[in-house]
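Below, chain A is the first sequence line, B the second, and so on; all start at residue 1.
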2 protein chains.
Amino acid sequence: MCLLALIEEEPSYGYEMANKLSEQGLDLVSEGSIYPSLSRMQRSGLIEGYFVEADGPGPPRKYYRIAKNGKQRLKEWKKEWEALSTGVNLVVKGENG
Amino acid sequence: MCLLALIEEEPSYGYEMANKLSEQGLDLVSEGSIYPSLSRMQRSGLIEGYFVEADGPGPPRKYYRIAKNGKQRLKEWKKEWEALSTGVNLVVKGENG
DNA sequence: TCAAAATATCTTGCATACACAGATATCAAA
DNA sequence: TTTGATATCTGTGTATGCAAGATATTTTGA
């Protein structure tokens with residue numbers, strides 16, 4: 001979901017997304033998770049990939065943009081995340097019967 | 001973490017915890033996940049189990065109370081959850097570089 | 001009396017996700 | 001020409017989650 005959310009804001013590539021997530025404290029998400037996840041999302045039609053030559057050093061970057069299905073899926077995922085995090089917060093803060 | 005948090009508040013048993021979590025909208029957590037998870041936590045010393053006869057129908061209930069290691073672990077998990085949910089919320093709300 | 005329903009736990013089988021580690025490729029700078 | 005930064009991808013082991021079903025006990029009601 002986070003990868004999709006980043007891509008929705010603006011197209012990006014794996015390496016850059018790993019760094020962005022890491023900046024937000026989500027450094028548990030390593031490249032070994034990100035690349036397979038991006039591949040899966042492309043295969044299932046949530047995102048579209050295209051290559052862009054790097055301006056600096058390094059091989060071509062595989063950029064991804066969000067697809068129509070991806071926008072829909074992201075909306076659902078956000079709702080699910082909302083419900084999940086709300087529920088978890090209620091439980092860990094001890095507000096339950 | 002949610003199971004531990006429930007048990008810390010007051011000792012409980014799997015079936016009851018499943019219902020409590022479900023009330024908070026966490027009905028993704030089915031019994032097929034809860035019982036193995038409780039067993040693992042007992043095996044690793046985070047919680048302690050004991051049997052209590054049911055007052056209504058049904059077989060004896062396996063109650064769990066939190067152990068010393070469990071309290072410590074729960075504190076860590078809460079901190080991790082805090083960092084994770086904060087990070088995810090920043091990303092899905094589009095507040096990143 | 002006997003069947004059904006509610007309560008409660010546990011196990012097996014399957015799929016999948018992920019982290020870790022390492023392989024690979026490209027280009028710039030020293 | 002070697003090092004370092006950038007960038008992607010893959011293989012392996014482990015953990016985990018769920019669905020589904022087996023099992024047990026007691027109450028309720030037909």
**Complete:** Rounded to whole Å, CE of B/Met1 lies from P of D/dG17 at a distance of 12 Å

**Asked** Any side-chain heavy atom of A/Val91 within less than 4.5 Å of one from B/Cys2?
**Response** yes

**Prompt:** When the distance from CG of B/Leu3 to C1' of C/dT9 is rounded to whole Å, what number comes out?
**Reply:** 15 Å

**Request:** Under 4.0 Å between any heavy atoms, over every strand shown, what does B/Glu31 touch: base, sugar-phosphate, or nothing? Just pick one.
**Result:** base

**Request:** Report which part of the nucleic acid B/Gly32 touches: base, sugar-phosphate, or nothing (heavy-atom distance under 4.0 Å, all strands).
**Result:** base

**Prompt:** When you look at B/Glu82 and B/Lys79, which way does the salt bridge (charged side-chain N to carboxylate O under 4.0 Å, His left out) test go after all the steps?
**Reply:** CA-CA 5 Å; B/Glu82 185 66 24; B/Lys79 225 175 272 176; over 6 Å; no

**Complete:** Of D/dC9, D/dG17, D/dA7, the nucleotide closest to the side chain of A/Lys62 is D/dC9

**Asked** What nucleotide among D/dA5, D/dT26, C/dA8 has an atom nearest to a side-chain atom of A/Pro57?
**Response** D/dA5

**Proximity to the side chain of B/Arg40 - top-ranked nucleotide from C/dT9, D/dT16, D/dT10** = D/dT16

**Message:** Show the nearest heavy-atom pair for residues B/Lys71 and B/Glu8, with the distance to one decimal.
**Reply:** CG-OE2, 4.4 Å

**Item:** Short side-chain N/O contact from A/Tyr35 to OP1 or OP2 of D/dC9, under 4.0 Å
**Value:** no

**Request:** Starting from C1' on C/dC18, measure out to CG on A/Leu21 and report it in whole angstrom.
**Result:** 15 Å

**Message:** Can you work out whether B/Ala54 or A/Asp55 has the more 5'-proximal nearest nucleotide on DNA chain C?
**Reply:** B/Ala54

**Complete:** A/Glu16 atom CD is separated from D/dT8 atom C1', nearest whole Å, by 14 Å

**Request:** Assess A/Arg61 against A/Tyr15: is NZ or CZ under 6.0 Å from the centre of the six-membered ring, and within 45 degrees of the ring's axis?
**Result:** no

**Message:** Taking 4.0 Å as the cut-off, does a side-chain nitrogen or oxygen of B/Tyr13 come that near to OP1 or OP2 on C/dA8?
**Reply:** yes

**Prompt:** Looking at side-chain heavy atoms only, is the closest gap between A/Tyr13 and A/Leu38 below 4.5 Å?
**Reply:** no

**Request:** Using atom CD1 of B/Ile34 as one end and atom P of D/dA19 as the other, report the distance to the nearest whole Å.
**Result:** 12 Å

**Prompt:** Roughly, in whole Å, what's the span from CG in B/Leu38 to P in D/dT16?
**Reply:** 13 Å

**Message:** Which nucleotide wins on minimum distance to the side chain of B/Ser30, given the candidates C/dT9, D/dT6, D/dA19?
**Reply:** D/dA19

**Request:** Please report, rounded to the nearest Å, how far the P atom of D/dG17 is from the CG atom of B/Leu26.
**Result:** 13 Å

**Item:** Which nucleotide in C/dC27, D/dT10, D/dT6 has an atom nearest any side-chain atom of A/Tyr15
**Value:** D/dT6

**Whole angstrom value for the distance that separates C1' of C/dA25 from CZ of A/Phe51** = 12 Å

